[in-house]
*Asks:* 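Below is a structure I'd like to ask you about.
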Number of protein chains: 2
Amino acid sequence: MADIARLAGVSKATVSRALNRSPLVNEETRTRILELASSLKYTINIGAQNLRLKQNRTIGVVVPYDSTTRQHLSDPFFLSMLGSLADALTERGFDMLLSRVDAEQLDAAAMPFDTGRVIGLILIGQWRHHDQLNGLAARHVPIVVWGAQLPQQLYTTVGGDNVSGGMLATEHLIAAGRRRIAFFGDINLPEVAQRYSGYCNALARHGLPLDPQLRVSVSFLPEGGDQAVREIERRAVPYDAAFACSDLLAMTAINTLRALGKQVPGDVAVVGYDDIELSTYFHPPLTTIRQPIRAAGQALVGALLAIIDSKPAGSLQLPTELIVRATSA
Amino acid sequence: MADIARLAGVSKATVSRALNRSPLVNEETRTRILELASSLKYTINIGAQNLRLKQNRTIGVVVPYDSTTRQHLSDPFFLSMLGSLADALTERGFDMLLSRVDAEQLDAAAMPFDTGRVIGLILIGQWRHHDQLNGLAARHVPIVVWGAQLPQQLYTTVGGDNVSGGMLATEHLIAAGRRRIAFFGDINLPEVAQRYSGYCNALARHGLPLDPQLRVSVSFLPEGGDQAVREIERRAVPYDAAFACSDLLAMTAINTLRALGKQVPGDVAVVGYDDIELSTYFHPPLTTIRQPIRAAGQALVGALLAIIDSKPAGSLQLPTELIVRATSA
DNA sequence: CTGAAAGCGCTAACAG
DNA sequence: CTGTTAGCGCTTTCAG
């Protein structure tokens, strides 16, 4: 900037003003400076600017990962979420600092905030780390989490409406004439627990019994679908449908069902969750519960910026939607 | 820092030294300062430190996207790559600034560098933007690209060995007794072109004719597999195998083959590319060419840091590997 | 071993 | 309209 000032025969202050399009600077001087700057390919040093302005337009996006199961990068759902966040942040002129942290050491997630690198954090995935997240919020780290709303929650969440998602899926299967509906998912995870309660509600509403033997606890890893099917077969309980807590789970489950000689949806109807892009192109195309990814990115960013602005930002539940395709016909 | 200095009864300089573990500071003073700092949850402001040190430990990772086809976020391969990069960068103490840029305006990718936010760029995906990439390199933007090595290339690439990948796949199919092998992919993309040339080599080596009718040009979008199969059926050329340029393509192709009543691998053997995690759990498990993702992240980061250090960093081709599963049995 | 002082690149009073 | 000056939070000579 000093160079430009010298070459333009003005002071650094004027250059700064010109570059920031201050109305205080003469039209003519301004264009001269701007041209000089662009011919020298000069751009303001954002670090210095941030320091001076005590501002910062970078948001930290954290993907917690489970070091034992690597339960994080298998699912295309995350990638879509990342994309949606990138779009929402870009749109509002923010940069995105991406980090992965061990889910057991979630405090580490706050480092970019503590060191002033970012002004707030978006966490993709709540898992079972409610307490650690509360801890961060108690420290006044501006944070928004993609996940379920829980009692005594100090942090803000944005998530799909899991209860109604679970209901939609289950009622759809019931409407399709299914009576013995298996549930695949780990209810220790808050989101899955809510989907399960939606499932229970739907059964109750239609006077169907809740058989605990029909619930199989599996992780979100791709092998989960296979495991779930094999487990329920081992239990030898009759079932004519399955509600899987992710599309990936549903797809791998369907593959195993087929391998075991079952027809989908003939013998077993299947509904997934998320509506990842591949679901449409799967064979047969997968019936699923759509999570509104675009809206999710917008909502997460909106909520975080509100918090940073110290405006109250309540937790949010985004509507989910049943997408009927062929696996439940 | 001024606060800590005051509370510890020392100068800012001493605090700085203590925090940076300088040997110049008295053991006792140091621990006092360190304790004070941690009790106040103080952390050095990285922005200010960077400014003063004229350093920066942030790398920009850029995912170009095609605004018309959104040819970017459908494929789990990218997510794995992102994860691998995140790991490699974290390991070496670098932060990752993630951005998406319109592939038609790749110059924009350099912005975080021009403004001093990052010290170098990693681009995931070369697509057909060789010239723009050369332009960036000519401007001395430190940059490494995941993609194919091309003639007259000013930038550094790291990529899988596509020619040998194409050969491995094709020779495997030939060894399995297939003679009419379709190729699914857009050879306008350098990586795909190289895989195609591997495919041609393999055919030639075994004295098999190269039938241009067997090559179907489709994008990497998930619907590509479906389109490819329908196109080749429309052409009514006989084929007994297909080599698809991504696993996603292979999977959606298999679904469509099945929908058309063809057996896989009975009627048509299929080989994919990338070895994404889902491939193992697909039904039938997918034969594919593995790209060494972990090594890729390491290599990309390593090459970029070398360039930043103004050490010469030649382009690199990582070995690919044939993973035989059930779709080619 | 410690402190005073200068300065990284930028912006914003304040004074012309 | 423009320049002078101070200072964002940090590190590092240079003197004690």
Side-chain angles (χ1 to χ4, degrees), chain A residues 1-38 40-58 93 95 97 111-119 308, chain B residues 1-38 40-58 93 95 97 111-119 308:
Chain A
M1 182 177 272
D3 294 351
I4 308 248
R6 196 161 14 80
L7 290 169
V10 295
S11 72
K12 282 192 307 175
T14 306
V15 175
S16 169
R17 284 193 273 254
L19 260 26
N20 291 302
R21 275 135 188 84
S22 154
L24 290 171
V25 68
N26 185 328
E27 177 66 42
E28 184 188 341
T29 353
R30 189 228 308 267
T31 47
R32 184 156 43 92
I33 291 172
L34 255 35
E35 274 170 19
L36 205 51
S38 78
L40 293 182
K41 293 197 177 63
Y42 168 83
T43 350
I44 288 177
N45 178 314
I46 303 228
Q49 192 184 47
N50 284 345
L51 182 59
R52 173 65 230 229
L53 260 30
K54 292 162 154 291
Q55 66 156 27
N56 183 332
R57 295 188 72 81
T58 307
D95 286 330
L97 193 77
M111 181 128 63
F113 173 75
D114 291 331
T115 57
R117 309 235 24 188
V118 305
I119 54 171
I308 289 167
Chain B
M1 183 177 273
D3 294 353
I4 307 250
R6 197 164 10 82
L7 289 169
V10 295
S11 71
K12 283 191 306 175
T14 305
V15 175
S16 170
R17 282 193 273 253
L19 259 25
N20 291 301
R21 275 135 188 82
S22 154
L24 290 171
V25 65
N26 186 331
E27 177 66 43
E28 183 189 341
T29 354
R30 188 229 309 268
T31 47
R32 184 155 44 91
I33 293 172
L34 255 36
E35 274 169 18
L36 205 50
S38 79
L40 293 182
K41 294 196 176 61
Y42 169 84
T43 350
I44 289 176
N45 179 314
I46 302 228
Q49 190 183 48
N50 285 345
L51 183 58
R52 172 65 230 227
L53 260 30
K54 293 160 154 292
Q55 66 156 25
N56 182 331
R57 295 187 72 81
T58 307
D95 285 330
L97 193 76
M111 181 125 63
F113 173 76
D114 292 331
T115 58
R117 311 232 24 185
V118 305
I119 54 171
I308 289 168

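Residue numbering restarts at 1 for every chain, and letters A, B, ... go by the order of the sequence lines.
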*Asks:* Would you mind telling me which of C:dG9, C:dT2, C:dG3 lies closest to the side-chain atoms of B:S11?
*Replies:*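 Nucleotide nearest to B:S11's side chain: C:dG3.
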*Asks:* Give a yes or no answer on whether the side chain of B:D114 reaches the backbone of A:K41 with a donor-acceptor pair at less than 3.5 Å.
*Replies:*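 No, because the side chain of B:D114 does not come within donor-acceptor range (under 3.5 Å) of the backbone of A:K41.
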*Asks:* Quick one: B:R52 CZ to D:dG7 C1', roughly how many Å, whole number?
*Replies:*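 After rounding, the gap between these two atoms is 15 Å.
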*Asks:* Mind checking A:L53 for me? I need base, sugar-phosphate or nothing, with any heavy atom below 4.0 Å counting as a touch.
*Replies:* sugar-phosphate
*Asks:* For A:N26 and for B:A13, locate the closest nucleotide of DNA chain D by heavy-atom distance; then report the residue assigned to the nucleotide nearer the 5' terminus.
*Replies:* A:N26
*Asks:* Tell me whether the side-chain N/O atoms of A:Y42 come closer than 4.0 Å to OP1 or OP2 in C:dG9.
*Replies:* no
*Asks:* Show which side-chain atoms of residues 15-22 of chain A pair as donor or acceptor with protein atoms under 3.5 Å away, not counting sequence neighbours.
*Replies:*
| residue | atom | partner | partner atom | Å |
| --- | --- | --- | --- | --- |
| A:N20 | ND2 | A:S16 | O | 2.8 |
| A:R21 | NH1 | A:L19 | O | 3.0 |
| A:S22 | OG | A:L24 | N | 3.0 |

*Asks:* How long is the line joining CZ of B:R17 and P of D:dG9, in whole Å?
*Replies:*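 My rounded result for the distance is 20 Å.
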*Asks:* State which of D:dG3, D:dT11, C:dA12 makes the closest approach to the side chain of B:I44.
*Replies:*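 So the side chain of B:I44 is nearest to D:dT11.
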*Asks:* Indicate, with a heavy-atom threshold strictly under 4.0 Å, whether A:N50 touches base, sugar-phosphate, or nothing.
*Replies:*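 Since no nucleic acid heavy atom lies under 4.0 Å of A:N50, the category is nothing.
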*Asks:* Output the single nucleotide from D:dG9, C:dA13, C:dG9 whose closest atom is nearest the side chain of B:A48.
*Replies:* D:dG9
*Asks:* Could you tell me the separation between the CG atom of A:L51 and the P atom of D:dT11, rounded to a whole number of Å?
*Replies:*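 Rounded to the whole Å, the gap is 12 Å.
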*Asks:* Nearest-Å distance, CG (A:L24) to C1' (C:dG16)?
*Replies:*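 It is 14 Å, rounded to the nearest whole Å.
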*Asks:* Can you check the A:I46 CD1 to C:dT11 P distance for me, whole Å?
*Replies:* 10 Å
*Asks:* Reckon B:T14 touches a base, only the sugar-phosphate, or nothing at all at heavy-atom distances under 4.0 Å?
*Replies:* sugar-phosphate
*Asks:* Could you please name the option among C:dC8, D:dT11, C:dC10 that lies closest to any side-chain atom of B:S16?
*Replies:*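 Nucleotide nearest to B:S16's side chain: D:dT11.
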*Asks:* So, B:R32 side chain and B:A8 main chain: donor-acceptor pair closer than 3.5 Å or not?
*Replies:* yes
*Asks:* Would the distance check show the side chain of A:N56 and the main-chain N or O of A:R117 forming a donor-acceptor pair, the cut-off being under 3.5 Å?
*Replies:*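 Confirmed, A:N56 side chain pairs with A:R117 backbone.
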*Asks:* Look only at the side chain of A:R57 and the backbone of A:G93, and say whether a donor-acceptor pair between them is shorter than 3.5 Å.
*Replies:*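 Yes, because the side chain of A:R57 sits within donor-acceptor range (under 3.5 Å) of the backbone of A:G93.
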*Asks:* For the atom pair NZ (B:K12) and OG1 (B:T14), what is the distance rounded to the nearest 0.5 Å?
*Replies:* 11.5 Å
*Asks:* More 5' along DNA chain C: A:A2 or B:K12, using each one's nearest nucleotide?
*Replies:*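 Here B:K12 is the residue nearer the 5' end.
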*Asks:* Atom CD of A:Q55 to atom C1' of C:dC10: distance rounded to whole Å?
*Replies:* 11 Å
*Asks:* Between D:dT2, D:dT12, D:dC8, which nucleotide gets closest to the side-chain atoms of A:V25?
*Replies:*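 Output: D:dT2.
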*Asks:* Send over the distance from B:D3 CG to D:dG9 P, rounded to a whole Å.
*Replies:* 10 Å
*Asks:* Please determine if a side-chain N or O atom of B:Q49 lies less than 4.0 Å away from the OP1 or OP2 oxygen of D:dT11.
*Replies:*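 For D:dT11, OP1 or OP2 has a side-chain N or O of B:Q49 closer than 4.0 Å.
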*Asks:* Using atom CG of A:N20 as one end and atom C1' of C:dG9 as the other, report the distance to the nearest whole Å.
*Replies:* 13 Å
*Asks:* As a test of reading the structure: which of D:dT2, C:dT2, C:dC10 is closest to the side chain of A:M1, going by heavy atoms?
*Replies:*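 For A:M1, the side-chain atoms sit closest to C:dC10.
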